[in-house]
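The structure appears right after this line, and notes come after that.
What you see below is based on every heavy atom in this structure, not just the backbone, and it leaves out hydrogens, waters and symmetry mates.
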Amino acid sequence: MSTHAKRERLLLADLLETAGPDAPTLCEGWTTRDLAAHVVVRERRPDAAGGILIKQLASRLDRVMAEFTDKPYEELIQLIRTGPPRFSPFSLKQVDELSNIVEFYVHTEDVRRAQPDWSPRELDPVFQDALWARLERTARLMGRGVPTGLVLRRPDGQTAVARRGTPVVTVTGAPSELVLFAYGRQSAAEVELEGDEDAIAKLHESKQLGI
């Protein structure tokens, strides 16, 4: 049976191919070509991908990203479809599912929701639960820099605390929408925010949510 990560990988490749290299995405300043290059570099150039999180490696990441952005767009899409090389940890099914289920879901929505005619996808409950499990484990990391207390809540009442503190903003939505919110796609996530109005305004203004 295909994993969720593999399914989202193939869907992302299809969407990138259909959109073409110059379509907008939810990633500020990135076209679909830039997004495709990012996905490939992350999987195939670990020597540079560390620059996503480590400032000292950012200049190397920029250079490698520029190299891959210049590659033929069709080649980038094929590299996404075929996945990482065998020597990569991402080639292991368990690692792929653990590391890429959120990565590919978010980037798939980055392409879909940047289009004017997008509509929410119907996601099966098993996939929603898998996204929630990942969000529960990373919520504190996602919310570490926000200026208010932050609680993420599913419609069934399950919660994950992203940041302790007061005043508290509670964000309610399906796990898939909460993932997008937590990863900095607040404007595109279909969620409801409850709490002090000033706190909600500060949360909207904050650039610290997500990584």
Taking side chain as C-beta onward, heavy atoms only, is Glu109 less than 4.5 Å from Arg121?
yes

Interatomic distance, Leu15 atom CG to Asp110 atom CG [nearest 0.5 angstrom]:
11.0 Å

Looking at Arg154, is its backbone amide N or carbonyl O close enough to the side chain of Thr172 to form a donor-acceptor pair, meaning the two atoms are under 3.5 Å apart?
no

Identify the heavy atoms of Thr69 and Ala37 that sit nearest to each other, and give their distance.
OG1-CB, 3.6 Å

Using the salt bridge (Lys or Arg N to Asp or Glu O under 4.0 Å) criterion, which residues pair with Glu177? Sequence neighbours excluded.
Arg113

To the closest 0.5 Å, what do you measure between CG (Asp34) and CG (Asp22)?
9.5 Å

Return yes if a side-chain donor-acceptor contact under 3.5 Å exists between Glu136 and Trp132, otherwise no.
yes

Does any part of the side chain of Glu103, heavy atoms only, come nearer than 4.5 Å to the side chain of Asn100, both counted from C-beta?
yes

Check: Leu141 main-chain N/O paired with Thr138 side-chain donor or acceptor under 3.5 Å:
no

Distance in Å, Asp196 CG paired with Thr166 OG1, rounded so as to fall on 0.5 Å steps:
10.0 Å

Any Lys/Arg nitrogen of Arg44 or Glu75 sitting under 4.0 Å from an Asp/Glu carboxylate oxygen of the other?
no

Got a donor-acceptor contact below 3.5 angstrom from the Glu97 side chain to the Ala5 backbone?
yes

Could you go through the side chain to side chain contact (heavy atoms under 4.5 Å, CB included) check for Arg9 and Glu43 one step at a time?
CA-CA 12 Å; Arg9 174 196 297 279; Glu43 287 197 317; 2.7 Å; yes

Please give me the minimum heavy-atom distance between Phe181 and Leu193, naming the atom from each residue.
CE1-CD1, 4.2 Å

So, for Val126 and His4, which heavy atoms are closest and what is the spacing to 0.1 Å?
CG1-NE2, 3.7 Å

Anything under 30° is parallel, anything over 60° is perpendicular, the rest tilted; go ahead and classify His107 against His38.
perpendicular

With heavy-atom distances below 4.5 Å as the criterion, would you say the side chains of Arg134 and Val179 are in contact?
no

Flag, side chain of Arg33 to backbone of Thr31, donor-acceptor distance under 3.5 Å:
no

Could you go through the side chain to side chain contact (heavy atoms under 4.5 Å, CB included) check for Arg140 and Arg164 one step at a time?
CA-CA 9 Å; Arg140 294 281 181 90; Arg164 296 188 182 278; 3.1 Å; yes

Restricting to side-chain contact (heavy atoms from CB on, under 4.5 Å), what partner residues turn up for Ile77, sequence neighbours left out?
Ala13, Leu16, Glu17, Tyr73, Arg81

Do Leu10 and Leu35 sit in one hydrophobic cluster, given that two such residues count as connected whenever their side-chain heavy atoms are within less than 4.5 Å of each other, even indirectly?
no

Is there a side-chain contact between Glu74 and Pro21 in this structure, where contact means two heavy atoms from C-beta onward sitting under 4.5 Å apart?
no

For Val39, run the side-chain contact (heavy atoms from CB on, under 4.5 Å) check against Leu79, Ile80, Leu76 and tell me which one passes.
Ile80

Distance in Å, Leu135 CG paired with Gln128 CD, rounded so as to fall on 0.5 Å steps:
11.0 Å

Between OH on residue Tyr183 and CG on residue Leu178, distance to nearest 0.5 Å:
13.0 Å

Might you confirm whether atom CD of Glu190 has over 12 heavy atoms from other residues, nucleotides or ligands at distances under 6.0 Å?
yes

Determine the minimum heavy-atom distance between Ala139 and Val161, stating which atoms define it.
CB-O, 3.9 Å

When you measure from the side chain of Arg112 to the backbone of Ser119, do you find a donor-acceptor pair of N or O atoms at a distance under 3.5 Å?
yes

Locate the shortest heavy-atom distance separating Gln115 from Ala23; write the atom from each residue and the value.
NE2-CB, 4.4 Å

Between Arg163 and Gly143, what is the shortest heavy-atom contact and its length?
CD-O, 3.4 Å

